[in-house]
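I have placed the structure first, in the form of structure tokens, so that the comments after it can refer back to it.
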Amino acid sequence: MIRFLKYTWFQVGSFGLLLALVPLVVTNRYYLNVMIFIGIHTLLVVGLNLLMGYAGQISLGHAAFFGLGAYTSGVLTATYKLSPWPAMVIAVVLTVAVALLVGVPALKLTGYYLAMATLGFGIIVYICFKELVWLTGGPSGLVGIPKLSIGTVVLDEPRTYYYLVWAITLGAIVLSLNIVDSRVGRALRAIHDSEPAARASGIYTARLKIWVFVVSAIYASVAGSLYAHFITFISPSSFDFMFSIKLVTMVVVGGMASIWGAVFGAATLTVLPEVLAVFHDFDIVIFGLILMVVMIFMPQGLTRGALDLWEKYRLQRDVAGGSLSGG
Amino acid sequence: MDLSSQILQYVISGITNGAIYAVIALGFTIIYNSTEVINFAQGEFVMLGGMAVIALDGNGHLPLGFSFLLAVLAVTLVGIALERFTIRPAKSSNPIALIIITVGASIFLRGLAMMFWGKDSLGLRAFTGSSPIHFGGATLIPQSLWVLGVTVVVMAALQFFYKHTITGKAMRACAFNRRAAGLVGIGVNRMVMVSFALSAAIGAAAGIVIVPITLCGYDVGIMLGLKGFCAAVLGGLGSSPGSILGGFLLGVLEALGAGLISSGFKDAIAFFVLLLVLFLRPSGLLGSKEVKRF
Amino acid sequence: MMVEEMNAPLLKADNLSKSFGGIHAVRQVSFEVPTGQIKGIIGPNGAGKTTLFNLITGFYAADAGAIYFNGRTLDGLVPHQVAERGVARTFQNVELFDRMTVLENVMVGRHPKSRAGFISAAFRLSHARREENNIINKATEILNFIGLSERAASPSTSLPFGLQRVLEIGRALATDPLLLLLDEPASGLNAGETRELGRLICRIRDSGITVVLVEHDMSLTMEVCDQILVMDYGRTLAEGSPRDIQQDPEVIAAYLGDEPLA
Amino acid sequence: MNKGKVGRIQILTMLLLAITLAWSGCAQKEEPKAPYKIGGIFAITGRASFLGEPERNSMELLAEQINAQGGVNGHPIELVIYDTEGDATKAVLNVNKLIEKDNVLAIVGPSLSGTTLAVVPIVEKAQVPLISCAASVKITTPVKKWVFKTPQTDVMAVAKIYEYMQGQGIKKIAILSVGNAFGASGREQLLQQAPDYGYEIVADEKFGPKDTDMTPQLTKIRSLNPGAIICWGTNPGPAVVAKNMRQLGIEIPLYQSHGVASKKFIQLAGEAADGVILPTGKILVAGALPDTDPQKPTLLKYIADYEAKYNIAVSGFGGYAWDGLEILAQALEKAGADRAKIREEIEKITGHVGVSGIFRFSPQDHNGLNKEEAFVMVKIVNGDWQVVQ
């Protein structure tokens, strides 16, 4: 166990170091921008993975929390001239309130019913972004969102924003790794594997599901605020049903119940469209294919599937080497 | 124009749309009962039906009835392929995996339709004339009658199929208890395939009859599918009469909401009703099956 | 009977009834389980044994009647609260946490005996770390007790079926229960595994935990139980020591199907 | 079998990453100076592809023609075109890519108001001239130093309709707009300008971009007895509105926006299109323009060239990108490869006869169009356009 913990910190450390070095090598803003979006998406996906991959509760409306974060930050700073950091905190508080309001009744549902409830919630929030023109600017979007600043330093260079986004995302990754490898994390996985057994083992599953829903909503809200202050313009179409589906895809490709997989999933699905741009119209077809193929053949996701194979290989090797007693 | 004829007009619009929702909801129900899968690609069957009939009617200059049948047949094959190549090989029976697979399938089909027929919406001539029929201060177009007629025929045919054919009875047995059905020698796999075929066929039929009213484009399937699912849940997932009731109810509610409350929030009203039903009575209006607790 | 002189019973069911639709799964069942005993509940399929377990553990709410545990009613409690009171259970169709290791499965069982929440877990606060160590120690201890310590790091699904049942018992033990409910622990086991299981159940009883056992396998029940309750069609058919039960004409009739029961 | 699959996908991903990294390596190198690099960024796929596709086509067509004639001052024009899919995030990424990776001199696009507003801060900061192909008046009002646009604004379209309606004795109007940026922006203008002309808005209804039934909204509108309905949207919604009006037997005039100014609308609405009145750029009625119209030769040439090359009917939208590149080419001729000078030269262009109108830029006006020259009112009669006055 102790060895395992050290191993995790080694992973986090080396990943952090790698991230810190990137801007020294990559000076091109375009690549830094891509990296920033990967960071924001990673934050979203790590949160959603806690809910979907670990606790096994699907959300087809997660774009709504991303949007709530973005719009609360955006409206408070652009329209009401609040400074961004407090706005971000208010966004989180508001998101938690909404997540509780929806989560308490919704998480009593399971499977398809839960999927549909979160989907309906997502669409309602999207329509509100579109229709509350006086507040959100409606479909034309909201302009004039200020950049973030720390003290007197305005983070308007991709490089500085890159560091900010990844510092927050890395923090979120560490927190998630800690949660996952704890009493709470085990309880979440227990809910996923067998809810009756989890309840019989003394886990208050109903409350835990709501908490993890709220936690993942907080991650999404912070990601939304970071997004809004980065591109300084938001419009409802960034928070529609398709974006929710995209997030689910990132989780799926990266692998359910794998924090590092979430990073991989977010990175792949952020970079892939850029690379696939040459295919133009084909990319939607390819996107659909990825979803189907991964889920049909590797329901645990790409990274997980690969890990499983590695395990199998190692086991075979060990058996061949005779290090396992026949058991 | 007085309020009562206004409301009559909303109800007429609502019933026409509701009929389509009802048929889509029935499609969900057929598949759900035999497999416990919610097929998120259901709306794409409707879209494919519409696009196929436009292509056949517009390019082939075939008689309309023939295009109709051919389009239904083509989409039925798509339904069978969907089952054969995505649902059956899926290793997992976990709802999350199945939801994502069918969502992926729907995106895939949408993409193919876009590559095939382009991104523009297309229209089709009305089956029989387009001069509106007036009554009670409201108006109705002949195509709406076609929509209602086809809906009724689909429902009746389905009823007959379930009650009076061997395959239909076997499917009901599967819906009741898959394992027991398998034990008494019913080919459960075949029943699943039949249910996909059926559901694709009636989805396509719905798509075909509405095209003259609503036009059709590669991306109309998402919303229709979601609304159909709302209808199915509203009526009670797994219940055929529930689906029909849910469909009409949703259509009328939506039209009244758009007319009397706010057209901008029209879709929000539909989904708000869905949330209320899910939160207060997840088994729906006519649902018999208890919502699974574990 | 040897336990007559003990104090109040640990578990007491009073006139319990539960029906689903028109089917009366449990009708007016009353029984007591004295502390330190192994109580067997037997009966044919559909006799209402599992429903009884679900009523005790809060998975179902009873239509009528009451359950008292350790002197307090369990009425209105939901499963995790029942578990916190000290009632642990296993399931008829082994419900393990498939994606966890053997050790982790048992660690989950420590849930009601530990406190760390999201915040203290996320920031690895010192009390959470201490608690985690305690959980590991306790879980390891239990693995030793049930004889699975060598497989601690294997995925739970890699265990043979018989050991999966044992692991499920281990997880239940981790909650430090006063009462352990075992739902057909021997089903699917071969004779050797069943004997092994019988010895484990006796060791559990000897460690001071009261056991209730729902079982099909008569040999196991007769061998380990102090008391047996026989159910049929949701009713109590007979109650007594294994010897009494074996000689009860009604029980023999129900099991051999000599004459139809009303 | 499973094993093989994972392996391949993993390798594929690695390859993709490797390619991406290799690109980043390339980007560090200096590009050869000879060609003038111009960026294009359009909604080529996705919901607004009806804008982006002809825009890309037109831009490629013009670049080809310019290069065939020896380029600008001997420098060939090299286009780098990216797709936004109508998505703000993609637009931001791609504009950065154009500026940082491709090092373009100026950018034409994006196609949509939303995506344009999303990239404005970037070009302003990077000081790169941008000629947007989107409609919203917000893009150039207030004036942004580096941002221009070629399409007519919805301000002009609304004014044109309102002016025309004054001759028709209409007082009460119902608005029916689509729930996207185009509809919202048009709706805003309709509401804002109505008092100036003395109109009363009796209904302000909306429909979704994918809605297939507008009879509830129209029923409500009918009950309010307006003198005309103005529908603001892009296909297919407005076609459904026209059809639904027929179905309900509503016989008041229907006005549409320039958003449906293409044959597609007539095809979709069928008979119901007859009698619809809308403002449009002159391109739709180029053949019917008087020979004295200064735009006529430009329009006819553009239409002929476009249809010859792509073998599809020209739409009213490709011209935005055509004008954009033509304006850029003019500025480039005087300024050379210098972003700041290009911007200055664009601002000095006055009297350029383009597809969408005659452009007279100034430091106060980065659109340069006026409604008289940019729009004509047309009525659909027997499935064809007819200029009305």
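Proteins come first, then strands; the chains are lettered A, B, ... in the order of their sequence lines, and each starts at number 1.
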Report yes if some heavy atom in the side chain of [X] is under 4.5 Å from a heavy atom in the side chain of [Y]; otherwise report no.
X      : Y      : value
B/I38  : A/Y113 : no
B/F40  : A/L119 : yes
A/M242 : B/I107 : yes

Side chain, backbone, both or neither: which part of [X] has a non-hydrogen atom closer than 4.5 Å to chain A?
X      : answer
B/L275 : side chain
B/V37  : both
B/L274 : side chain

Rounded to the nearest 0.5 Å, what's the gap from [atom1] on [X] to [atom2] on [Y]? Could you check?
X      : Y      : atom1 : atom2 : result
B/F85  : A/I296 : CZ    : CD1   : 10.5 Å
A/I127 : B/F272 : CD1   : CZ    : 12.5 Å
A/M116 : B/F229 : CE    : CZ    : 5.0 Å

[X], [atom1]: over 12 other non-hydrogen atoms inside 6.0 angstrom:
X      : atom1 : value
B/W117 : CH2   : yes
B/F279 : CZ    : yes
B/R281 : CZ    : yes

Residue part contacting chain B, namely of [X], when any heavy atom lies under 4.5 Å:
X      : result
A/L60  : side chain
A/I245 : side chain
A/I123 : side chain

message: Can you give me the closest heavy-atom contact between B/I99 and A/A115, atom names plus distance?
response: CD1-CB, 3.5 Å
task: Under 4.5 Å, counting heavy-atom pairs only, tell me which of B/L280, B/T102, B/L226, B/D267 racks up the most with chain A.
output: B/L226
- prompt: What residue in A/Y112, A/F121, A/F241 has the most heavy-atom pairs under 4.5 Å with chain B?
  reply: A/Y112
